[in-house]
Amino acid sequence: MQACIMAEGTVEQAIETPAAVLEFPVSRAPGLIRASRTLAPLERLDVYRGMYELRLVEALKVDYPGLRKLWGEETFEELARLYVAAHPSRSYTLNRLGDQLPEFVPQVEGLAKARFAWDLARLELAETVVFDEEESAAAEAGAIAGLTEEQWGRLRFQPVRALRMLQMHYPAHEYMQAVRRDETPAAPRPRKTNLIVYRRAHALLHLPMAAPGYALFEMLAQGCTLAEGMEAMQEAGGGSPKQVFDYFRVWFEERLFSRVEIW
Amino acid sequence: MTNRWGLPDLGFGIGLRTVHFPHILADWPEMDWFEILSENFMDTGGRPAYVLDRVAERYPVVMHGVSMSVGSTDPVNFEYLKKLKALAKRTKARWISDHLCWTGVSGKNTHDLLPMPYTDESLRHVVERVKTIMDYLEQPVFLENPSSYLEFTSSTWTEGEFLSQVAEQSGCGILLDVNNVYVSAFNHGFDAGEYVDRIPADRIAQIHLAGHTNKGTHILDTHSDHVVDEVWELYRRVCQRAGGVATLIEWDEAVPSFETVRAEAWKAKAYREGNDACGSQAA
């Protein structure tokens, strides 16, 4: 029954798929189900098939509103059906059904704006992950007040859990923000974008960053010391002490760190 | 007054739904209790978890799940149960319920409440699984009769008989979804009144009411509308036998305002109390 429900095509085709035949021979399938006064056995099975597809496609629609807007309902639903067939749910929760969608997008031939769609899909996945992440208490800026220069270099910063970093070829976050305003934006032109997706006061937020700041934050997120992060920042284009100060001011204001310690 | 599991009649509740979060947090409206869809809160630490914590501080909360899959032949999912148990502890959930169904096999999940063949073999299978689950959760579980759209020719029990047997032999309770009885009765052509009359009254631990969608050839359990008159009459019939049982309104599609859903809950109260304003007087 499950194989029939999950198979593509018509119900008649579904009962002939190898997976369905493994469950029961095609000739026996209709005899396993009672007819009702209005529906034949396979029509009754088809009710479940319709609901399965609808439920999973709806779940993907909720998680990927940007892709829906980009392609329109028909194309998105077609992609969603292909995706669900390739990646059936293996979890009790639908929250993570779409986790492989960003990697699936480039595999589908003929999709319009595929390169931007890949960025957009990665952003939307990051948003769903950040939305569901555990809450973690934020560190206060006072944690780094009054330190010596030598202590500064040995500082380590742990980001809050509800945070993800993205490097994109397009400013997909600007597109998403327009979608959330109920607009119908055009797909943007390519522009290298470094982005932090995070949650503050239960709201999903985007923090675009210049390359040096992103390189510094990335190193810190990997557990490196501030001194190591500063080296990476220099390689990414450098930054003045004032810029570094401004980075940390914003990062603490946005409550991006959960822990600060001297290594 | 408590039931055989020592649990109280919580009165009349509604499902806790996202669209009502702002209203609930702003006004803390009068409501006897809330039911949550367990899976919506098990893996999130964001706003839903925050709201649930606030709600659980002020109202009794009951957990209703869709993934226990008591009819599946896959091993019992203890990872799922562990999270379920933790959520129940966190929310001080009065009880946990799920459905008499299976949701998937071979590690896959259809996210649907699939019907089972009602046979002696499947009865033994479900009873053992329910006992295992209740042992792990260290509390009784209440199983709901699902709405269904097909029946197996191999079934030797009716659904009502089967569910009653599961309850008697495992010790679990029954969450009687009166709308589901009506839906399945229409789809399969059995007598809904006879079904509810034969459910052991002392095993009915909770009641669900909801609206549905009539497609002509069959009815879908969509939770998308008001409870229909025929279901209200069935509910009255159940109340006459079972007395005070916690009753919940489910509304999941095209969810209207909080006040509209709550009005359905208060209507249930009037029905249970035999109030003339809600229709014909109980005999």
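Labels below follow one simple rule: chain letters A, B, ... track the order of the sequence lines, proteins then strands, and each chain is numbered from 1. Hydrogens, waters and symmetry mates are skipped; everything else that's a heavy atom, side chains included, is used.
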**Student:** Looking at every non-hydrogen atom in both residues, tell me the closest pair between A:Arg90 and B:Ser106 and how far apart they are.
**Tutor:** NH1-O, 3.6 Å

**Student:** Name the region of A:Ile5, side chain, backbone, both or neither, that has any atom closer than 4.5 Å to a heavy atom of chain B.
**Tutor:** side chain

**Student:** I'd like to know if the side chain of B:Thr153 reaches the main chain of A:Leu32, judged simply by a donor and an acceptor atom lying under 3.5 Å from each other, with no hydrogens or angles considered.
**Tutor:** yes

**Student:** Drop me the distance from A:Leu39's CG to B:His218's NE2, to the nearest 0.5 angstrom.
**Tutor:** 6.0 Å

**Student:** Look at the side chain of A:Ser36 and the backbone N and O of B:His188, then say whether any donor-acceptor pair between them is shorter than 3.5 Å.
**Tutor:** no

**Student:** Quick check: do A:Arg44 and B:Asn187 have side-chain heavy atoms less than 4.5 Å from each other?
**Tutor:** yes

**Student:** Can you check whether B:Val105's main-chain N or O pairs, donor with acceptor, with A:Gln2's side chain at less than 3.5 Å?
**Tutor:** yes

**Student:** Anything in residues 194-206 of chain A with a heavy-atom distance to chain B below 4.5 Å? Please list those residues in order.
**Tutor:** A:Arg199, A:His202

**Student:** Given a strict heavy-atom distance threshold of 4.5 Å, which part of A:Ser136 is in contact with chain B: side chain, backbone, both, or neither?
**Tutor:** neither

**Student:** Side chain to side chain contact (heavy atoms under 4.5 Å, CB included) for A:Val47 and B:Leu150? Distances and angles first, verdict last.
**Tutor:** CA-CA 9 Å; A:Val47 174; B:Leu150 65 78; over 6 Å; no

**Student:** In terms of heavy-atom pairs under 4.5 Å with chain A, which of B:Tyr149, B:Trp102, B:Phe152 leads?
**Tutor:** B:Tyr149

**Student:** Show your working on side chain to side chain donor-acceptor pair (under 3.5 Å) between A:Ser89 and B:Asn109 and close with a plain yes or no.
**Tutor:** CA-CA 5 Å; A:Ser89 175; B:Asn109 198 321; 5.3 Å; no

**Student:** Evaluate the side-chain proximity of A:Asn95 to B:Glu39: yes if any heavy-atom separation is below 4.5 Å, no if none is.
**Tutor:** no

**Student:** Just verifying a value: how many Å separate A:Met1 CE and B:Asp112 CG, rounded to the nearest 0.5 Å?
**Tutor:** 8.0 Å

**Student:** Can you tell me if A:Arg55 uses its side chain to pair, donor with acceptor, with the backbone of B:His111 under 3.5 Å?
**Tutor:** yes

**Student:** Look up atom OH in A:Tyr48 and atom OG in B:Ser148, then write down how far apart they are to the nearest 0.5 Å.
**Tutor:** 5.0 Å

**Student:** Please classify the contact of A:Ile33 with chain B as side chain, backbone, both or neither, using a heavy-atom distance under 4.5 Å.
**Tutor:** both

**Student:** Please output the residues of residues 69-83 of chain B in contact with chain A, using a heavy-atom cutoff of under 4.5 Å, in numerical order.
**Tutor:** B:Asn77, B:Tyr80, B:Lys83

